[in-house]
Protein chains: 2
Amino acid sequence: MATIRDVAKSAGVSVATVSRVLNKKGYVSKESEKAVMSAIASLNYEPNSVARTLNNKSSSMIGLVVPDITNPFFPELARAIEDVANIYGYTVVLCNTDEEVKKEKQYLHALKQKYIDGIILTTSSLSDEDYSKLNIPIVALDRVIDDKTPSVFSDNKKGGEMATEHLIANGCKYLAHIRGPIGVGPADDRYEGFVETAEKFNVPYIVVNADFHLDRSREVAEELLRNHPNIDGIFASSDVAAAGVMKAAHSVGRLIPENLNVIGFDGIPMGTMLTPALTTVKQPIYDMGALATRLLIKQVEKTRLDTYHYKLETKLVVRETTKNLEVSHE
Amino acid sequence: MATIRDVAKSAGVSVATVSRVLNKKGYVSKESEKAVMSAIASLNYEPNSVARTLNNKSSSMIGLVVPDITNPFFPELARAIEDVANIYGYTVVLCNTDEEVKKEKQYLHALKQKYIDGIILTTSSLSDEDYSKLNIPIVALDRVIDDKTPSVFSDNKKGGEMATEHLIANGCKYLAHIRGPIGVGPADDRYEGFVETAEKFNVPYIVVNADFHLDRSREVAEELLRNHPNIDGIFASSDVAAAGVMKAAHSVGRLIPENLNVIGFDGIPMGTMLTPALTTVKQPIYDMGALATRLLIKQVEKTRLDTYHYKLETKLVVRETTKNLEVSHE
DNA sequence: CTGAAAGCGCTTACAG
DNA sequence: CTGAAAGCGCTTACAG
C-alpha cells in the first residue's frame, strides 16, 4: 500500500505538503495541490487511519455499551446509532456488559486504550466518578447519569399516564400494573404515571412487581388474574412484559381485548407480531439513538451543547389489545 | 498517561527491555523483569493499543457485517460473536449494510484502514474477488461465499424436512409452505426440504412466495387460507413469517393449533412470546456465532483450520402452534 | 541478556 | 507557501 512518502515523492513535494492537502489545513499552492491530488489518484493512496489516530488521539470510533443486544429494545437503538455515526464518518464498537461492573470497566478501559472518541451508555453500573475519570465524552441513553453528562430519554412518566388514561377511557374499572424493576428509572417513572393517573380518576388498582422479562411477568400476571378476576385493564411496564400478560390471559381463559385490555410500553417491533397486535406506548427509539449520537459527536468535535438533557415524547399506539369495553358490552 | 519511556526510565532499563517483558518475547533477566513489573505497577502503565496496532498491523478488532441488526435473527448472533471475541481479547465493530453494495464496500474499506483483524459476513453482496482482494481473514455466517472461505451455517434442508415431517406426523392432510426469498440459500434449502418431504409422504401441498417479513407473509397466508380452506398445516420459512401466518389465521377465523398447525424456522426469542407459543425448527444461533468467531480468530492467529465448512444441526422445538389433529378430533 | 536506532505512517510546530 | 525534523507510543532487527 502506498504511504504518504510515496505520494510525496511522486508529486515532488514533502510529506508535510501532502499532509496539508489531505487535511485541507495550512497553505498549499494550487500547483502543489494539483500534483498531490494526481499522485494520490494514480497511486490509489489512502491515508492510514491508525497512524492518524496515533497522532490525533482520535480514532473516529464510538463505543456503544448495552446490557445485552439480545434485549429487543436495543437493536433499533444500535441501528440508529450506527446510522448516524456512519454519516459522520464514525464507526461503532459494540459492548455487552450484562450490567456487570467488571465487564463494563474492562470495556471502558479497552475503549480508552483505542482512543475511542466517545461512548454511548445505555447502562450505568459504575459510579459517576468512574465515568468522569475516564475523561471521554459520554452520552447517557435511556437514563440519566449526572447533570454534566448529556442524556436522552423519553418521558416515561407521561407515557405511564397516557397508558393509564387510555385504559380508563376504554371503560376499565379495575386496573393493574405489572411494574418493571424497582430502582430502574424508566420503570419507576412509568409506575408513578400509572399510580397518579389511577388515583386522579379514582379507579381502583393493583401493582405487582416483575422485571422486564417474559416469564416473570407471565407468572405474576397469571396469579394476578386468578386472584382478581375482575381486573379488566393491565398496563405492563414493557412490551415484553405485556406479551407475558397475554400468555397469562390465555392460560386463565381471558379474552383480549373483549374482556381484558392490555397495553405495553416501548413500541418494539415484536408488538406488531403478536396476535392480537399489542397496543403500546411507543418510545421514539430510533430518534433517541440518533439524537444521542449527534450529541456525542458534537461533544467530540467540541461543539457547545445548548441543552444537556433531552426528554422525548412518547406516543400512544392503539392496536388490537385494547378496545372500549363499554361499547363492546352493548 | 505513562508511556513505555516512563516505565523504562523508572525501571532503569531501555524501552526495548520493557517491550520484551510486555510481550513476553526474547530474553529478559529476572531482575530486569522485576524492575519493569514494579515500574509498570507504580506508574499504572498500560501499553497504548493504537501504537501497537501501527507496528503490528493488527488491531485486535473484528468486524461484524449484518444486513440489519434490527432483524431479530441477528442480535443473538451478534451477542455470541461479541462474547467469544471478548474472551480472546478482541473487540467488535458493528456494520449494517442493508444489503447495499455501496455500504458494504465502504465499510469493508473503513475496516481495512483500521487494520481490522478479521471479518464475519452474514451478507455477501459483493463478488468473490472483492472479498479475496481485501486480503483479510473472513468467515461467512449463515451462508457460503466460496470454497476457500470458511463458513458456518445450519442444515436448512434437513430443518425443512423436520418441519414438514412434524406436520405430517401430526396428521396434516394438506400442507402449505410460505417460502422465503427465492435465491437466498437458506430459504431455498428449507423449501427443498419441504417439497421433498411432502412428496415422499405423498401429501398434497402448495407453495407461496414471500420474504422473511411479517406483512408480506401475512398477506399471502391470508389469501392462501381463504382460497384453500382445507389447508391444515403451514410451514413458514422463518419465525417472523410464521407470526404473519398466525395473524392471518386469526383474521380468517382459523384456530391454532386446533384446526391449523403452524411451524416456523429460526428459533428466535420472539417465538416464545407469541400466544400460542410458536413451534419451530431452531437453528443453534448462538453456537453458530460463537463457532464462526472461533474460526475467524484461528485464522487471524494463523492456526490451520482442519474443516472449512460447518453445517450445524437444527432442532425441532415443539411448542403450542402444532398438535396432533387426529387425536384432537376424537 | 541488553540498548541504540530505525521504523510503523502520519501530523505539526518551526524556520525559512 | 514549503520542507526538515521531531513526535505520537510502540516493536524489532541488529550489534554487542
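All heavy atoms count here, side chains included; hydrogens, waters and symmetry mates do not. Below, chain A is the first sequence line, B the second, and so on; all start at residue 1.
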Discussion item. Distance check needed: C:dG9 P versus A:Lys9 NZ, whole Å only.
Written reply: 13 Å
Output a table of donor-acceptor pairs, distance under 3.5 Å, between side-chain atoms of residues 302-310 of chain A and any protein atom two or more places apart or on a different chain; print 'none' if there are none.
unit_1	atom_1	unit_2	atom_2	d
A:His309	ND1	A:Ser151	OG	2.6
A:His309	NE2	A:Asp147	O	3.1

Sequence neighbours left out, cut at 3.5 Å: what donor-acceptor pairs do the side chains of residues 64-73 of chain B make with other protein atoms?
unit_1	atom_1	unit_2	atom_2	d
B:Asp68	OD1	A:Arg79	NE	3.0
B:Asp68	OD1	B:Thr70	N	3.0
B:Asn71	OD1	B:Phe73	N	2.9

Item to complete: Decide yes or no for B:Glu82 and B:Thr293: does some side-chain heavy atom of the first lie under 4.5 Å from some side-chain heavy atom of the second?
Response: no
Discussion item. Just to be sure I understand: a Watson-Crick pair is purine N1 to pyrimidine N3 plus N6-O4 or O6-N4, both under 3.5 Å. Using that and G-U wobbles, which stems of three or more pairs involve DNA chain C?
Written reply: C:1-3 with D:14-16, C:5-12 with D:5-12, C:14-16 with D:1-3
Item to complete: Report, as a single string ordered 5' to 3', how protein heavy atoms within less than 4.0 Å touch nucleotides 1-7 of chain C: B base, S sugar-phosphate only, - not at all.
Response: BBBB--B
Discussion item. Expressed as a whole number of angstroms, how long is the span from B:Leu54:CG to D:dT11:P?
Written reply: 11 Å
Worksheet, complete the sentence: Among the nucleotides C:dG9, D:dT11, C:dC10, whichever has the atom closest to the side chain of A:Ile4 is C:dC10
Which pairs would a plain distance check flag for residues 5-22 of chain A, meaning a side-chain donor or acceptor within less than 3.5 Å of a matching protein atom at least two apart in sequence or in another chain?
unit_1	atom_1	unit_2	atom_2	d
A:Asp6	OD2	A:Thr3	N	2.8
A:Ser14	OG	A:Ala16	N	3.3
A:Ser14	OG	A:Thr17	N	3.3
A:Ser14	OG	A:Thr17	OG1	3.4
A:Ser19	OG	A:Asn23	ND2	3.3

Discussion item. Please classify the nucleic acid contact of A:Ser19 as base, sugar-phosphate, or nothing, using heavy-atom distances under 4.0 Å.
Written reply: base
Got a list of side-chain donor-acceptor pairs under 3.5 Å for residues 132-139 of chain A, not counting sequence neighbours?
unit_1	atom_1	unit_2	atom_2	d
A:Ser132	OG	A:Asp128	O	3.4
A:Ser132	OG	A:Glu129	O	3.3

Fill in: Neighbour count above 12 (heavy atom, 6.0 Å) for B:Lys103 NZ
yes
